[in-house]
Amino acid sequence: MKSNSFSRLSGWCAILAGAAGVLYSLAFVVLKSDLLSALFLLLGGLFYIAALTGLYERLREVEASYALLALVLGVGAAAGSLIHGGYDLANALHPPASLNMDLPSPVDPRGLLTFGVAGFGVYYFSRLMAWDKAFPKGLSTLGYVSSMLLIILYVARLFLTGAIILIPAALEGFIVNPIWYVWLGTVLLRNQR
């Protein structure tokens, strides 16, 4: 008999990932706090890993190979977020003598993992949720929107600068991603197998 303790943990971590996403966006966009944005990016990465592992557990029966692909992409993105946040946090707490914060992170250049790879992971998880009747259709649809915004955000960060990047960042960071993770958390908590 399987224990529901990890399912509960992953549900709560998904909710905390949504909260960390809002706090990261607030710290990065509004407060412009290097310390707080780094901290919430790091914490979000930790919460994402547990949340996505629980989602994988639920969806591997739908299509095992796609579920594994989504998990690998999602955990890779979460690890990038965790490492990127850790790198930025270390620099915020103990700044090097000459740090140009406009340079891309050497571990997650312009959000390759945090946004680009995450977008593909969310896409595949959303695709699997659409095939599983235990998940609300709206949750998978919102996941597709999130995946598109994440990929657009990564591509925009590669080629654009300035306020134009704030549009997909604000939509994803303040609205879509937090709602998706909190909703996912409530579904995982409610529908424990």
Side-chain angles (χ1 to χ4, degrees), residues 1-27 36 38-86 89 108 113-151 172-193:
M1 182 170 179
K2 287 186 182 179
S3 167
N4 286 328
S5 66
F6 190 79
S7 185
R8 280 191 299 277
L9 173 70
S10 66
W12 284 111
C13 283
I15 291 169
L16 291 171
V22 169
L23 294 171
Y24 166 76
S25 296
L26 183 64
L36 291 176
L39 178 65
F40 293 123
L41 187 61
L42 184 147
L43 290 173
L46 285 173
F47 296 138
Y48 296 151
I49 291 171
L52 296 178
T53 303
L55 184 57
Y56 164 77
E57 180 65 27
R58 290 283 310 278
L59 292 171
R60 69 185 176 145
E61 294 172 17
V62 175
E63 175 64 54
S65 296
Y66 277 119
L68 182 59
L69 176 62
L71 179 65
V72 168
L73 290 170
V75 169
S81 176
L82 178 67
I83 295 166
H84 187 154
L89 183 62
D108 189 22
L113 295 170
T114 303
F115 304 120
V117 173
F120 287 103
V122 171
Y123 168 79
Y124 285 114
F125 273 127
S126 297
R127 182 176 174 181
L128 291 168
M129 285 189 285
W131 295 346
D132 187 335
K133 302 269 188 263
F135 288 90
K137 183 174 176 13
L139 183 59
S140 62
T141 301
L142 189 62
Y144 288 135
V145 172
S146 179
S147 69
M148 287 187 298
L149 285 169
L150 285 165
I151 293 167
E172 178 65 11
F174 286 112
I175 300 168
V176 177
N177 187 276
I179 291 172
W180 189 77
Y181 271 105
V182 170
W183 193 357
L184 172 63
T186 60
V187 170
L188 290 174
L189 287 170
R190 183 178 44 227
N191 296 329
Q192 295 177 16
R193 285 185 180 166

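Heavy-atom minimum distance, V187 versus P136: CG2-CD, 3.9 Å. Across every non-hydrogen atom of A50 and S10, the tightest pair is O-CB, 3.3 Å. Across all non-hydrogen atoms, the minimal contact from L42 to L82 is O-CD1, 3.4 Å. The two residues G173 and S25 have their closest heavy-atom pair at CA-OG, 3.0 Å. The shortest non-hydrogen separation linking A27 to L36 is CB-CB, 3.6 Å. Closest approach of I49 to T53, counting heavy atoms only: O-OG1, 2.7 Å.
Atom OH in Y181 sits 12.5 Å away from atom CZ in F47 (nearest 0.5 Å). The distance from atom CG of L43 to atom CZ of F40, rounded to the nearest 0.5 Å, is 7.0 Å. Within the model, atoms CG of L139 and CZ of F125 stand 12.0 Å from one another, a figure rounded to the nearest 0.5 Å. Atom-to-atom distance recorded for F135:CZ and L59:CG is 4.5 Å, nearest 0.5 angstrom. Note that CD of E63 and CG of D132 are 12.5 Å apart. Values are rounded to the nearest 0.5 Å. If you take CG on L150 and CZ on F120, they are separated by 10.5 Å, rounding to the nearest 0.5 Å.
Residues forming a side chain to side chain donor-acceptor pair (under 3.5 Å) with S146 (at least two apart in sequence, or on another chain): E172. When the side chain to side chain donor-acceptor pair (under 3.5 Å) test is applied to T114, the partners found at least two apart in sequence or on another chain are D108.
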Pair M129, L55 - check side chain to side chain contact (heavy atoms under 4.5 Å, CB included), show working.
CA-CA 9 Å; M129 285 189 285; L55 184 57; 4.2 Å; yes
Working note: I15 + L189, criterion side chain to side chain contact (heavy atoms under 4.5 Å, CB included); need CA distance, chi angles, decisive distance, verdict.
CA-CA 10 Å; I15 291 169; L189 287 170; 3.9 Å; yes
Working for side chain to side chain contact (heavy atoms under 4.5 Å, CB included), residues V75 and Y56:
CA-CA 11 Å; V75 169; Y56 164 77; over 6 Å; no
Side chain to side chain contact (heavy atoms under 4.5 Å, CB included), that's the test. Do E57 and F6 meet it? Break it down for me.
CA-CA 10 Å; E57 180 65 27; F6 190 79; 5.7 Å; no
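Proximity of a side-chain donor or acceptor of S81 to a complementary backbone N or O of L41 within less than 3.5 Å is detected.
Few gaps surround OH on Y144; more than 12 heavy atoms of other groups in view lie less than 6.0 Å from it. For CZ of F174, the number of neighbouring non-hydrogen atoms (other residues, nucleotides, ligands) closer than 6.0 Å is greater than 12.
Inter-residue side-chain proximity for W180 and V122 is flagged as met; some heavy-atom pair is nearer than 4.5 Å.
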